[in-house]
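Single-structure report; data block below.
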There are 2 protein chains.
Amino acid sequence: MTDTTGGRDAESVSKFVESFAAQLVEAGMQRMPARIFAALLSSDEGAMTSVELGEQLRISPAAVSGGVRYLAQQHMVSREREPGSRRERYRVQGNQWYEALTNREAVLKRWEAALGEGVASLGAETPAGRRMAETLAFFEFVDGEIAAMMERWRVYREERFGSAP
Amino acid sequence: MTDTTGGRDAESVSKFVESFAAQLVEAGMQRMPARIFAALLSSDEGAMTSVELGEQLRISPAAVSGGVRYLAQQHMVSREREPGSRRERYRVQGNQWYEALTNREAVLKRWEAALGEGVASLGAETPAGRRMAETLAFFEFVDGEIAAMMERWRVYREERFGSAP
DNA sequence: CCTTAACTTCACAAATTTCTGAAGTTAGCG
DNA sequence: CGCTAACTTCAGAAATTTGTGAAGTTAAGG
């Protein structure tokens, strides 16, 4: 086995990273954040330094910096500092990240606000206004359901994988 | 009330269209599809012709054509032809569109496939492989839950708004 | 304190995406 | 059977996005 990273075949890891990143891109994520995220996800530690990311992905420190900032804002990675060092590590926080993925809460709230304005400006009695009110109800419904779904996931996860976070 | 479109204030409708489209864009949709979709959603009929769309949004027939094709592919609008005419109407199919929105089925399936390959190529026994297997389980779980959620929505919708599609 | 390592910010070049006008295609209508 | 209305496709200009190198900032370590 070709093994240049200390445990795995570097090439097949890289291949997975790029292919998973491509899926994320297709789903709307920017390219650099997607690649960085995929790299972190497939690292054994679940964490990498800026330099390691730059080397594996062949990108500049500036690109790492920008990508990581985006991911941190979305709560998909967290940054940690080894005490007494200027070096940071970026970490995929266990299952926190996919909870963030479904936590489109902010997005849903904005949609709901926009639809609410739509109902108001079109008039609740017009056909368009009524259609929009129903759409709004749908998003409010989804909003409420998601919390319950995530709770069920935690239970299921616990019993299947053991060890809560 | 300024009323140039035959029932509503054209300017406030346009304002809503642009602001809702902006939200959709921020969530990842392309600009033209987003604007076209918002326009359809706020029309009383829930349907408009190519010419009407071009006029309201100030875009070329080519842009309408491209945007509508995208929306139809995503099952967010359907095209209908008034019989004995070359003219088409594009329609937001009641509640069908937001069901399509949650029907990220294709997306979820691709993610699952990619993650499955990841587990295989990293090794199910490695830490990274284990983390990825858990992620995969999460998406499979969500996949299953969504169908049930939509069913609950239909029941709720029926009792709150009456009249199934 | 001075040096240096480790990010971050910024201006700009390159790549990509988006929209348009023009030309093409198809189907209704006289 | 040809004319015209109603899309669609395509090539390319314009705008936007992306990633880089270079310069800037901050904090360890000597």
Side-chain angles (χ1 to χ4, degrees), chain A residues 14 17-18 21-40 43 45 47-74 76-92, chain B residues 14 17-18 21-40 43 45 47-74 76-92:
Chain A
S14 172
V17 166
E18 297 306 328
Q23 298 301 323
L24 294 173
V25 168
E26 198 154 335
M29 196 184 293
Q30 293 156 355
R31 177 181 307 278
M32 280 297 137
R35 296 181 68 210
I36 291 173
F37 184 75
L40 289 173
S43 69
E45 297 279 314
M48 294 171 79
T49 66
S50 190
V51 174
E52 288 169 341
L53 284 167
E55 277 169 6
Q56 173 168 358
L57 301 173
R58 304 310 204 85
I59 58 181
S60 69
V64 174
S65 176
V68 151
R69 174 167 37 155
Y70 174 85
L71 290 169
Q73 276 172 354
Q74 306 298 314
M76 290 179 70
V77 309
S78 50
R79 350 168 57 122
E80 22 182 89
R81 201 92 163 236
E82 351 187 336
S85 160
R86 184 93 224 272
R87 179 173 254 144
E88 270 182 311
R89 323 200 75 213
Y90 308 109
R91 159 157 279 130
V92 176
Chain B
S14 172
V17 166
E18 296 307 328
Q23 298 301 324
L24 294 173
V25 167
E26 198 154 334
M29 195 185 293
Q30 295 157 353
R31 177 180 308 277
M32 278 299 138
R35 296 181 68 210
I36 291 173
F37 183 75
L40 288 173
S43 69
E45 297 279 314
M48 295 171 78
T49 67
S50 192
V51 175
E52 288 169 341
L53 284 168
E55 277 169 7
Q56 172 166 359
L57 301 173
R58 306 307 205 85
I59 58 181
S60 71
V64 174
S65 176
V68 150
R69 174 167 35 155
Y70 174 85
L71 291 169
Q73 276 172 353
Q74 306 298 313
M76 290 179 69
V77 310
S78 52
R79 349 169 57 123
E80 23 182 87
R81 201 93 164 234
E82 351 187 338
S85 159
R86 186 91 226 268
R87 179 173 254 145
E88 269 181 311
R89 322 200 76 214
Y90 307 110
R91 159 158 277 129
V92 176

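In what follows, every heavy atom counts, from backbone to side chain, and hydrogens, waters and symmetry copies are set aside.
Rounded to an integer number of Å, the gap from A/E52 CD to C/dA5 P is 18 Å. With rounding to whole Å, B/I36 atom CD1 is found 13 Å from C/dT18 atom P. As rounded to whole Å, 17 Å separates atom P of D/dT8 from atom OH of B/Y70. Here D/dG19 presents its C1' atom at 16 Å from CG of A/L53, a figure rounded to the nearest Å. The interatomic distance linking A/R58 (CZ) with D/dG21 (C1') rounds to 17 Å, in whole Å. A/M48 places its CE atom 17 Å from the C1' atom of C/dC7, with the value rounded to the nearest Å. If you take CD of B/E26 and P of D/dT17, they are 12 Å apart, rounded to a whole angstrom. As rounded to whole Å, 15 Å separates atom C1' of C/dT18 from atom CG of B/L57.
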Checklist outcome for this item: Going 5' to 3' through nucleotides 9-16 of chain D and flagging B where a protein heavy-atom sits under 4.0 Å of the base, S where only the sugar-phosphate is that close, and - otherwise, we get B-------
Checklist entry - How does protein reach along nucleotides 11-17 of chain C, written 5' to 3' as B (base within reach of a heavy atom under 4.0 Å), S (only sugar-phosphate), or - (no contact)? => result -------
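Under the rule for a ring pair (Phe, Tyr, Trp, His ring centres under 6.0 Å), A/Y90 has no partner lying at least two apart in sequence or in another chain. When the side-chain contact (heavy atoms from CB on, under 4.5 Å) test is applied to B/R87, the partners found at least two apart in sequence or on another chain are B/T49, B/V51, B/E82, B/S85. Here A/Q30 pairs with nothing under the side-chain hydrogen bond (donor to acceptor under 3.5 Å, both in side chains) rule; sequence neighbours left out. Residues satisfying the side-chain hydrogen bond (donor to acceptor under 3.5 Å, both in side chains) test with B/R89, not counting sequence neighbours, are none. Every side-chain hydrogen bond (donor to acceptor under 3.5 Å, both in side chains) that A/S78 has, sequence neighbours left out, goes to A/Q93. Partners of A/A34 according to the side-chain contact (heavy atoms from CB on, under 4.5 Å) rule, which considers only residues two or more places apart in sequence or in another chain, are A/A21, A/L24, A/V25, A/M29. With sequence neighbours excluded, no residue forms a side-chain hydrogen bond (donor to acceptor under 3.5 Å, both in side chains) with A/E45.
If you take CD1 on B/I36 and CE on B/M76, they are separated by 11.5 Å, rounding to the nearest 0.5 Å. To the nearest 0.5 angstrom, A/M32 atom CE is 14.5 Å from A/R69 atom CZ.
Less than 4.0 Å separates DNA chain D from at least one heavy atom of each of the following residues of residues 79-92 of chain A: A/G84, A/R86.
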Sequence neighbours left out, cut at 3.5 Å: what donor-acceptor pairs do the side chains of residues 53-61 of chain B make with other protein atoms?
{"unit_1": "B/S60", "atom_1": "OG", "unit_2": "B/A62", "atom_2": "N", "d": "3.4"}
{"unit_1": "B/S60", "atom_1": "OG", "unit_2": "B/A63", "atom_2": "N", "d": "3.2"}

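Counting only residues at least two apart or on different chains, the salt bridge (charged side-chain N to carboxylate O under 4.0 Å, His left out) pairs with a member in residues 30-40 of chain A are A/E18-A/R35.
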